[in-house]
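Following: one structure in structure tokens, then a few remarks.
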Amino acid sequence: MRIATWNVNSVKARLPNVCSWLEQAAPDVVLFQEIKCETAAFPGSVFEALGYRAAALGQKSYNGVAILSKRPIEDLREGLPGDSDDVQARYLEATIDGVRIASLYLPNGNPVGTEKYPYKLRWMARLRDHAAGLLATEQPFVLGGDYNIIPAAEDVYDPAAWATDALFRLESRSAFRALVNLGLTEAYRALHPVGAGEPPAYTFWDYQAGRWPRDQGLRIDHFLLSPQAADRLVGCTIDRGPRAGEKASDHTPVVLELTG
DNA sequence: ATGGTTGTTCCACAA
């Protein structure tokens, strides 16, 4: 089972890029973030023509997540529990072939001095609570998406320049560690340990200041796996191809492979 | 500290 996650930065603007990548990479499941359209406007029929079923949770202009799957999508959950007042479309979860799979778009949190940052931390606390509940079920699950978290200095081109940013500051990284430390496996780093001759592995390059041609990126798109899913982990790769194309998203897909 | 780019929307805001 191959599961991809990709922040597409508007599914409408990215439709040709996304379709050509799906035809070439052909993952079994795809998690989208930042679809930037309302639920009803999600182009599900386009993906159905490529052999996928689709579920989306969107809103006007911003955010929005979706799940595509070649196999049936069951027991859909729309939204992250823990705050009924939170109207931002950032979380979708479903069961596919017996695996609980979430597509999440964690709040950016910048600028740190505003309400955006405590919202990010509250959202992370809710995610941790929800993950603890999922762990108690002892089922295989995968939490994939744009976490807007740089886990460690190896995951950013200039750690000093990002020290106070909401994606990298200690409080953000601590919250991410607290989530992982429930007993989850961060798939990419588990298979590609730092210091094993691995080159920098980024998933996002800002449109500005020539970040892509200089390979000055961030690794902020992640897969966190439950123990039962981690037992099946055989691959996690970053496909830089789509970032190089015309009208590219600023993020590129990450592809997870589980046995079975 | 500044400047740089893209997408959506109403020409600012989010990233």
Side-chain angles (χ1 to χ4, degrees), chain A residues 5-21 31-44 46 56-66 80 85-92 103-124 127 144-151 155-169 171-173 175-176 202-222 238 240-254:
Chain A
T5 183
W6 192 4
N7 179 323
V8 292
N9 186 18
S10 171
V11 71
K12 284 180 201 165
R14 218 63 63 207
L15 207 48
N17 308 46
V18 167
C19 287
S20 66
W21 186 78
L31 313 177
F32 286 145
Q33 301 85 38
E34 282 208 272
I35 60 173
K36 290 189 170 179
C37 66
E38 295 184 274
T39 305
F42 186 75
V46 174
L57 180 67
Q59 67 182 85
K60 194 176 177 185
S61 304
Y62 304 119
N63 309 320
V65 287
L80 184 63
D85 294 331
D86 185 359
V87 296
Q88 299 191 30
R90 296 180 174 277
Y91 192 89
L92 198 55
S103 177
L104 67 92
Y105 178 46
L106 207 147
N108 177 298
N110 282 305
V112 166
T114 68
E115 179 52 33
K116 289 171 185 294
Y117 192 63
Y119 172 64
K120 175 177 195 155
L121 294 179
R122 286 197 307 273
W123 205 95
M124 294 185 80
L127 181 59
D146 178 358
Y147 280 75
N148 271 313
I149 291 286
I150 301 163
D155 302 314
V156 50
Y157 64 94
D158 183 353
W162 286 78
T164 60
D165 190 277
L167 277 62
F168 189 55
R169 73 195 304 255
E171 206 172 359
S172 304
R173 284 185 280 139
F176 184 72
Y202 306 131
T203 65
F204 164 91
W205 298 258
D206 200 294
Y207 289 123
Q208 305 179 76
R211 296 300 183 215
W212 166 251
R214 295 171 195 203
D215 195 19
Q216 296 176 333
L218 314 175
R219 195 173 69 89
I220 55 177
D221 300 271
H222 309 297
I238 299 166
R240 296 164 63 103
R243 186 63 182 81
E246 288 291 307
K247 289 265 292 176
S249 170
D250 42 6
H251 295 250
T252 213
V254 184

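Quick note on labels: first sequence line is chain A, next is B, and so on, each numbered from 1.
Atom P of B:dC13 sits at a distance of 16 Å from the matching atom of B:dT9, rounded to the whole Å. B:dG4 and B:dA14 have their C1' atoms separated by 16 Å, given to the nearest Å. Remark: the separation of the C1' atoms in B:dT6 and B:dC11 is 15 Å, to the nearest Å. Comparing the P positions of B:dT2 and B:dA15 gives a spacing of 22 Å, expressed to the nearest Å.
With sequence neighbours excluded, no residue satisfies side-chain hydrogen bond (donor to acceptor under 3.5 Å, both in side chains) with A:N17. Partners of A:R14 by salt bridge (Lys or Arg N to Asp or Glu O under 4.0 Å), not counting sequence neighbours: none found. Under the side-chain hydrogen bond (donor to acceptor under 3.5 Å, both in side chains) criterion, A:K120 pairs with no residue, sequence neighbours left out. Here A:P118 pairs with A:E115, A:R122 under the side chain to side chain contact (heavy atoms under 4.5 Å, CB included) rule; sequence neighbours left out.
The CZ atom of A:F32 sits 16 Å away from the P atom of B:dG7 (whole-angstrom rounding). A:R214 places its CZ atom 11 Å from the C1' atom of B:dG3, with the value rounded to the nearest Å. Counting to the nearest Å, the P atom of B:dT6 and the CH2 atom of A:W212 are 15 Å from each other. One interatomic measurement links the two molecules: CD of A:Q59 to C1' of B:dG7, which rounds to 14 Å at whole-angstrom precision.
When each of A:N9, A:N63, A:T5 is checked for a side chain to side chain donor-acceptor pair (under 3.5 Å) with A:Q33, only A:T5 meets the rule.
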How does protein reach along nucleotides 9-15 of chain B, written 5' to 3' as B (base within reach of a heavy atom under 4.0 Å), S (only sugar-phosphate), or - (no contact)? S---BSS
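Side-chain nitrogen and oxygen atoms of A:R14 include none within less than 4.0 Å of the OP1 or OP2 phosphate oxygen of B:dT6.
Residue A:R211 is the one, among A:R211 and A:V11, whose nearest nucleotide of DNA chain B lies closer to the 5' end (criterion: closest heavy atom).
The salt bridge (Lys or Arg N to Asp or Glu O under 4.0 Å) analysis of residues 207-217 of chain A, with sequence neighbours excluded, yields the pairs A:D215-A:R240.
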